[in-house]
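First the structure, in the form of structure tokens, and then the observations on it.
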Amino acid sequence: MKGNRVVGPATEVVEKTLQTAGLTDYQFKLYPWARAYDMALKEPGVLIYLIARTPVREQQFQWAGEIMKIQYHLYRLSERTDIHVKTLADAKNYTIGVMRDDVRQQYLQTKGFFRLAISAQSIDNFNKLIKRQVDLVPLTEDDASSLCAQAHFDCGGLERVLTLDEASTGLYMAYSTSTGASIVQKTRAAFDKLKADGTVRRIMEKKS
């Protein structure tokens, strides 16, 4: 949020897409992830972003465009030399902080992980890591940098121990299934045009 506006490169991509599609009747609102996810599952006229596209979610949403690709890694505190993770199975021995209804929680649960500490926000997970209330957190490199800044924590104190290749995916904007087909088609066509002419890439590269 900047003042009372939702901002950021992904928001800029979505707004540019809607404008290009000729859609004018919309509002941007920020919610905790679990609430946004629930709204997008159940209510018409909801566009959620950025959401990871997974086999489980494939039929639950109408996918409108891949904004970026992500790769998740498990991080520990560098000083936690008691944590040894070489394989995904090793990670089951430790408590992992995840965000409610996030793709990382869903992925780890499908892999038989039970020691998950669930929070509403990413920063809550990160603070738990710093306070040693959890042992590991799954993050992208951009997440790690951003959370270090928010928490006033030196990122040199973080260590990447394992890449979650199977959980790495594309991040999309997606409509609820009850949203009208014409809106979805217009949005897809507009997004495809902006991706093809390099607009999406230029906007997302500004984030750094």
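If you read the sequence from its start, that first residue is 1, and numbering goes on from there. Please read these numbers as outputs of a predicted model, since none were measured by experiment.
- With a 4.5 Å cut-off on side-chain heavy atoms, L147 and V137 do not count as touching.
- Under the side-chain hydrogen bond (donor to acceptor under 3.5 Å, both in side chains) criterion, T187 pairs with Y175, sequence neighbours left out.
- Heavy atoms from other residues, nucleotides or ligands lying under 6.0 Å from NZ of K195 number more than 12.
- Annotation: side chain of D165 is in contact with side chain of Q71 (closest heavy-atom distance under 4.5 Å).
- Between E141 and Y75 the shortest side-chain heavy-atom distance falls below 4.5 Å.
- Taking a 4.5 Å side-chain heavy-atom cut-off between Ile, Leu, Val, Met, Phe, Trp and Tyr, the cluster of M39 extends to Y31.
- Side chains of L74 and Y94 form no contact here, defined as non-hydrogen atoms less than 4.5 Å apart.
- Taken from CG in L129 to CG in L136, the straight-line distance is 7.5 Å, to the nearest 0.5 Å.
- Qualifying side-chain hydrogen bond (donor to acceptor under 3.5 Å, both in side chains) partners for Q59, counting only residues two or more places apart in sequence or in other chains: none.
- T110 places a side-chain N or O within donor-acceptor distance of the main-chain N or O of Y107, the cut-off being under 3.5 Å.
- Counting only distance, with no hydrogens or angles, the side chain of E159 and the backbone of L77 share no donor-acceptor pair below 3.5 Å.
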Salt bridge (Lys or Arg N to Asp or Glu O under 4.0 Å) between D143 and R104, intermediate numbers included: CA-CA 13 Å; D143 285 342; R104 287 158 283 191; 3.4 Å; yes

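- Counting only distance, with no hydrogens or angles, the side chain of E66 and the backbone of Y172 share no donor-acceptor pair below 3.5 Å.
- In this structure, the separation between CZ on R76 and CD1 on I83 is 6.5 Å, given to the nearest 0.5 Å.
- Side-chain heavy atoms closer than 4.5 Å link hydrophobic residues (I, L, V, M, F, W, Y) into clusters, and following such links, possibly through other members, connects I70 to M173.
- Taking OG1 from T20 and NZ from K186, the interatomic distance works out to 13.0 Å, rounded to the nearest 0.5 Å.
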